[in-house]
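Worksheet: the structure to be examined is printed underneath.
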Amino acid sequence: MQTLTVQLDERSYPIFIGPQLLDQAAELLPELAQRQLLIVTNHTVGDLYLVRLQQQFSAARVLVHYIGDGEQFKSLDSYAAIMSDLIGAGFNRDCAVLALGGGVVGDIAGFVAATYQRGVDFYQIPTTLLAQVDSSVGGKTAVNHPGGKNLIGAFYQPRAVLIDCDVLNSLAPRDFYCGLAEVVKYGIIHDADFFGWLEQQQQALLARDSATLQYAIASSCRIKADIVAADEREQDVRALLNLGHTFGHAIEAANDYNQWRHGEAVAAGTVIASRLAVAMQLLSASDFRRIVALLQALQLPVKAPAMPWETWLQYMQRDKKVKAGKLRFVLPTAIGKSKLLTDCDEELVAAAIADAS
Ligand SMILES: NC(=O)c1ccc[n+]([C@@H]2O[C@H](COP(=O)([O-])OP(=O)(O)OC[C@H]3O[C@@H](n4cnc5c(N)ncnc54)[C@H](O)[C@@H]3O)[C@@H](O)[C@H]2O)c1
Ligand SMILES: O=C(O)C(=O)C[C@@H](O)[C@H](O)[C@H](O)COP(=O)(O)O
Ligand SMILES: [Zn+2]
């Protein structure tokens, strides 16, 4: 097992990474033994792994809440239903919320933990590759709104993240590939050597080789932990983790959160951002080709859906990076380097979208 730490002074927390960690939860999280525990999950995950987790906490008072399976259930309705369960069960401020699932479960459970009685302890037990490499770390919690992605939420750090790499074995291929979109992102924005390693390891990643996956997970978590420690509330460098998301979130929201997976939308959005960077003479054509080739090799979409410019603009203007009414885009400037830019020429943005659609 590996242990990383997200350094946030008195709010620092461990990320445990390894095989069979579900069966070590009581040993790794002893503070939960006698507590009121709410486990948020869905039936896809719960039917596979809930019993193993519950067996770890036989002396605790465990309440389980199932949300629907899919992005469309990361909603205020799901949030309200979870809150009603907590209130109905009489859980106190010393309870804890555990997220057993992917990023959808983790984001909504985190927002519940952030707001129930103004904040209770929160633990992430991510079960998708995307959640293990990204959403379980860093404290962004949220629910979606028809008007846009993650528009209602809070920064709220977990007390610990428990990553059992073995649970990825049951993940459907489409959902597995989605996590690779966020892994590639770290290579593009921050680490050229990691990007090169990903290019070399394409087949091992697609074959889900356990050592290769564990290295990719640990590397991704390490990069994200360092960025979050430096800029927890996204006033500066943390925005770089949003590469592809201005476009990706528009794709998800414009398609009712039920046609494009987040990872797929981020992959397509990363291609648009890279095209824009080339048009602005920030990124070389050869680096652009490497980015597209790796995303394609990892079974991710590199074309965006055709949508009217007005639709793109409607959702991009609700992006949380907007400042002083201006759109801001994270653009790659080389493999391993990126920057946050304002005042991108609207015609170039529209052309980059059109070229990628
Ligand atoms: N908070 C953050 O920093 C952050 C970062 C990245 C993404 N996100 C959010 O995460 C969400 C996407 O997360 P996701 O890609 O994990 O999607 P998801 O949570 O919808 O999970 C994908 C599918 O895999 C199933 N599943 C989960 N674990 C499984 C397992 N071990 N075996 C079999 N099936 C399993 C789920 O039931 C679901 O059907 C989006 O809402 C996105 O906005 C948040
Ligand atoms: O942790 C971050 O910061 C990220 O941007 C990670 C993203 O992969 C993730 O999708 C995040 O939820 C997007 O943040 P948002 O602020 O655009 O909602
Ligand atoms: Zn993302």
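What's counted below: heavy atoms across the whole structure, side chains too, no hydrogens, waters or symmetry copies. All ligand and atom numbering here is 1-based and tracks the order in the structure. Along the sequence shown, residues are numbered consecutively beginning with 1. These numbers were taken from a predicted model, which means no experiment stands behind them.
Taking atom 20 (O) of ligand 1 as the reference point, the nearest protein heavy-atom neighbour is Val104 CG2, 3.4 Å. Ranking the protein heavy atoms by distance from atom 39 (O) of ligand 1 puts Asp69 OD1, 2.7 Å first. Remark: minimum distance from atom 35 (C) of ligand 1 to any protein heavy atom is reached at Leu171 CD1, 3.5 Å. For atom 3 (O) of ligand 1, the closest non-hydrogen atom of the protein is Lys224 NZ, 3.1 Å. The protein non-hydrogen atom at the shortest distance from atom 27 (C) of ligand 1 is Thr128 CG2, 3.2 Å. Taking atom 4 (C) of ligand 1 as the reference point, the nearest protein heavy-atom neighbour is Ser135 CB, 3.2 Å. Looking from atom 9 (C) of ligand 2 to the surrounding protein, the closest heavy atom is His245 NE2, 3.7 Å. Considering only non-hydrogen protein atoms, atom 33 (C) of ligand 1 sits nearest to Ser170 O, 3.1 Å. Scanning the protein for heavy atoms near atom 1 (N) of ligand 1, the closest one is Lys140 O, 2.8 Å.
When side chains are defined from C-beta on, Phe329 counts as touching Val349, because their heavy atoms get closer than 4.5 Å. Taking 4.5 Å as the limit, some side-chain heavy atom of Ile163 sits within range of a side-chain heavy atom of Ile217. When side chains are defined from C-beta on, Glu252 does not count as touching Asn144, because their heavy atoms never get closer than 4.5 Å.
Near Lys140, meaning under 4.0 Å from any of its heavy atoms, are these atoms of ligand 2: 1 (O), 2 (C), 3 (O), 4 (C), 5 (O), 14 (O), 15 (P), 16 (O). Residue His249 approaches ligand 2 through these ligand atoms, each under 4.0 Å from one of its heavy atoms: 13 (C), 15 (P), 17 (O), 18 (O). Residue-ligand proximity, Asn42 to ligand 1, at heavy-atom distances under 4.0 Å covers atoms 36 (C), 37 (O). Heavy-atom proximity to Lys149, at under 4.0 Å, picks out these atoms of ligand 1: 40 (C), 41 (O), 42 (C), 43 (O). For ligand 1 and Lys74, the ligand atoms under 4.0 Å from any heavy atom of the residue are 9 (C), 40 (C), 41 (O), 42 (C), 43 (O). For ligand 2, the atoms sitting less than 4.0 Å from at least one non-hydrogen atom of Lys185 are 6 (C), 7 (C), 8 (O), numbered in the order shown with element in parentheses. Ligand 2 places these atoms under 4.0 Å from at least one heavy atom of Lys224: 1 (O), 2 (C), 6 (C). Within ligand 1, counting atoms from 1 as listed, the ones closer than 4.0 Å to a heavy atom of Thr44 are 34 (N), 37 (O). Counting atoms of ligand 2 from 1 in the listed order, those under 4.0 Å from a heavy atom of Asn150 are 12 (O), 18 (O). Those atoms of ligand 2 that come under 4.0 Å of a heavy atom in His262, given as number and element, are 10 (O). Close contacts of ligand 1 with Gly102, meaning ligand atoms under 4.0 Å from a residue heavy atom, involve 16 (O), 19 (O). Taking every non-hydrogen atom of Val45 and a distance limit under 4.0 Å, the qualifying atoms of ligand 1 come out as 26 (N), 27 (C), 28 (N), 29 (C). Residue Glu182 approaches ligand 1 through these ligand atoms, each under 4.0 Å from one of its heavy atoms: 6 (C). Close contacts between ligand 2 and Asp134 involve ligand atoms 6 (C), 7 (C), 8 (O) [criterion: under 4.0 Å to a heavy atom]. In summary, the atoms of ligand 1 found under 4.0 Å from a heavy atom of Thr127, numbered by their order in the structure, are 27 (C), 28 (N), 29 (C), 30 (C), 31 (N). Atom numbering of ligand 2 starts at 1 in the shown order; those under 4.0 Å from a heavy atom of Lys320 are 15 (P), 16 (O), 17 (O), 18 (O).
Cluster membership for Tyr186 and Ile17, using ILVMFWY side-chain heavy atoms within less than 4.5 angstrom, is shared.
Here the N, O or S atom of Glu182 that is nearest to the Zn ion (ligand 3) is OE2.
Ligand 1 is approached by Glu71 to a heavy-atom distance shorter than 4.0 Å. The closest approach between any non-hydrogen atom of Arg238 and ligand 1 is not below 4.0 Å. Taking a 4.0 Å cut-off on heavy atoms, Glu252 fails to register as neighbouring ligand 1.
Considering all non-hydrogen atoms of both residues, Ala229 and Leu8 come closest at CA-CD2, 4.1 Å.
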Just distance, no hydrogens or angles: give the donor-acceptor pairs under 3.5 Å from side chains in residues 273-281, sequence neighbours left out.
unit_1	atom_1	unit_2	atom_2	d
Ser274	OG	Thr270	O	2.7

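The aromatic rings of Trp312 and Phe247 sit perpendicular, their planes meeting at an angle over 60°, well past the 30° parallel limit. Relative orientation of the His262 and His249 rings is tilted, given thresholds of 30° and 60° on the angle between their planes.
Taking any N or O of Tyr49, backbone or side chain, none lies under 3.5 Å from an N or O belonging to ligand 1. Distances between N or O atoms of Gly101 and those of ligand 1 include no value under 3.5 Å. On a distance-only criterion, Asn242 and ligand 2 share at least one N/O pair closer than 3.5 Å. Below 3.5 Å of separation, one finds no N or O of Asp319 facing any N or O of ligand 2.
Seen from the ring of Phe176, Arg208 counts as a face-on cation partner, given the 6.0 Å and 45° thresholds.
A donor-acceptor contact shorter than 3.5 Å links the side chain of Glu264 to the backbone of Arg261. With hydrogens and angles ignored, the 3.5 Å screen pairs no side-chain donor or acceptor of Lys74 with any backbone N or O of Val104.
Nearest to atom 24 (O) of ligand 1 by heavy-atom distance, out of Asn150, Val137, Asp175, is Asp175. Taking each of Asp107, Asn144, Val167, Asp134 in turn, the one with a heavy atom nearest to atom 44 (C) of ligand 1 proves to be Asp107.
Within 6.0 Å of NZ in Lys337 there are 12 or fewer heavy atoms belonging to other residues, nucleotides or ligands.
Separation of atoms CG (Leu282) and OG (Ser338) is listed at 11.0 Å; rounding is to 0.5 Å. Between the CG atom in Leu300 and the CD atom in Glu182 there is a gap of 10.0 Å [rounded to 0.5 Å]. Summarising the geometry, atom CD1 belonging to Ile39 is positioned 7.0 Å from atom CG belonging to Leu100; distances are rounded to the nearest 0.5 Å. Between the CG atom in Leu48 and the CG atom in Asn169 there is a gap of 11.0 Å [rounded to 0.5 Å].
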Test side chain to side chain contact (heavy atoms under 4.5 Å, CB included) applied to Leu4 and Cys221, step by step: CA-CA 8 Å; Leu4 305 178; Cys221 288; 3.7 Å; yes
Side chain to side chain contact (heavy atoms under 4.5 Å, CB included) between Arg52 and Asp164, intermediate numbers included: CA-CA 12 Å; Arg52 283 174 59 188; Asp164 182 334; 3.8 Å; yes
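Checked options Gln157, Lys140, Arg238; the residue passing with Glu232 is Gln157 (criterion: side-chain hydrogen bond (donor to acceptor under 3.5 Å, both in side chains)).
For a distance bound of 2.8 Å, the N, O or S atoms of Asp134 include none lying that close to the Zn ion (ligand 3).
Taking the six-membered ring for Trp and the full ring otherwise, the centers of Phe73 and Tyr257 sit at least 6.0 Å from each other.
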